[in-house]
Amino acid sequence: MKRRLVLLGAPGSGKGTQAEMITRQFGIPVTSPGAILRREKDLETPLGLETAEILQRGDLVPDKIIVKLIEDWLRLHGGYGFVFDGFPRTLPQAESLASILSGLHASLDAAIWLEVSEETVRARISGRLQCRTCGFTTSMDSAKFADRPICPYCEGRLERRSDDDMSVLQTRLREYNTKTQPLADFYGKMSILRRIDGNRDRETVFGDISRVIENKVPA
Ligand code: ADP
């Protein structure tokens, strides 16, 4: 199914989990600037080294760098639609995306906003484990992984993300509240904003997202 979607929401709102489920169910390709930058850092590329400190502080990476990542990705994979997980995160990024798409005579189908309480964010982030190699994400509460923190898919090491520290989270939440929240207005005016309660379990949230993708939710 060819759809052009952006997934928005606070850190820990479930964007990555839902993006993966969307890809599996609908075959829409997904990309995440955060995941790309973490991989670049592990590979010690110039981009990874340049941005590692910013991620570690919980600040946002400059728009120019992020927009270039997305443009490059679209050039290579954009023909099949997309789900962007964690892009755009600022008004200039949203405006750049709109102008890139209009240059391709295309537009977004939906901006899906996962709304979660700060309590949910803290609980999820403090228990989150992620595979260093493939990005698989799970929770420390999952008994399977408590004694043996090894990825079930690739045997990589499951660890806490270094920016999942509670003091860094404070900065990430501030960035989200000041720079990302204004996008609700931006996409609201375009009549493509779809708000979904992300506090519920992953399957229930995915049910609502699926209805948006299948166009079963009126504008
Ligand atoms: P989360 O959604 O849990 O905060 P991400 O993996 O999406 O995690 O992002 C991790 C970090 O990567 C962010 O805190 C930020 O530093 C950087 N980043 C990701 N996406 C963007 C973006 N669109 N603009 C600027 N910085 C970004």
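Just follow the structure's listing: the first ligand is 1, and inside any ligand the first atom is 1. In what follows, residues are counted from 1 in the order of the sequence shown.
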Return the closest protein heavy atom for atom 21 (C) of ligand 1 as residue, atom name and distance.
Arg89 CD, 3.4 Å
For Glu53, does the CD atom sit with more than 12 other heavy atoms under 6.0 Å from it, leaving out its own atoms?
no
Measure up the His77 and Trp73 rings against each other and bin them: parallel (under 30°), tilted (30 to 60°), perpendicular (over 60°).
tilted
Taking it one step at a time, do Ser117 and Thr120 satisfy side-chain hydrogen bond (donor to acceptor under 3.5 Å, both in side chains)?
CA-CA 5 Å; Ser117 67; Thr120 302; 3.0 Å; yes
Can you tell me which residue and heavy atom of the protein come closest to atom 27 (C) of ligand 1, and the distance to 0.1 Å?
Ile66 CD1, 3.9 Å
In ligand 1, which numbered atoms sit nearer than 4.0 Å to a non-hydrogen atom of Leu55?
11 (C), 12 (O), 16 (O), 17 (C)
Closest to atom 13 (C) of ligand 1 (judged by heavy-atom distance), picking from Asp59, Val61, Ile36, Val67
Asp59
Any N or O on Lys15 sitting closer than 3.5 Å to an N or O of ligand 1?
yes
Checking Trp113 against Leu193 for the side-chain contact (heavy atoms from CB on, under 4.5 Å) test, could you report, in this order, the C-alpha distance in whole Å, the side-chain angles of both residues, the deciding distance, and whether it holds?
CA-CA 7 Å; Trp113 204 298; Leu193 181 66; 3.6 Å; yes
Grouping I, L, V, M, F, W and Y whenever their side-chain heavy atoms are under 4.5 Å apart, do Phe84 and Met21 come out in a common cluster?
no
Taking both backbone and side-chain atoms of Leu37, is any N or O found less than 3.5 Å from an N or O belonging to ligand 1?
no
Which protein heavy atom lies closest to atom 24 (N) of ligand 1, and at what distance to 0.1 Å?
Gln93 NE2, 2.8 Å
In Leu8, Ile209, Asp197, the residue satisfying side chain to side chain contact (heavy atoms under 4.5 Å, CB included) with Leu114 is Ile209
With heavy atoms of Gly86 as the reference, note each atom of ligand 1 found under 4.0 Å away.
20 (N), 21 (C), 22 (C), 23 (N)
Nearest non-hydrogen contact to atom 10 (C) of ligand 1 from the set Arg172, Arg161, Gln56, Gln130 belongs to Arg161
Can you tell me how far the CG atom of Leu47 sits from the CZ atom of Arg39, to the nearest 0.5 Å?
11.0 Å
Nitrogen or oxygen of Asp85 less than 3.5 angstrom from that of ligand 1:
no
Checking heavy atoms under 4.0 Å, the part of Arg124 that sits near ligand 1 is neither
Answer yes or no: does an N/O atom from Arg38 fall short of 3.5 Å to an N/O atom of ligand 1?
yes
Is it true that Arg200 and Asp208 make a salt bridge, defined as a side-chain N closer than 4.0 Å to a carboxylate O?
yes
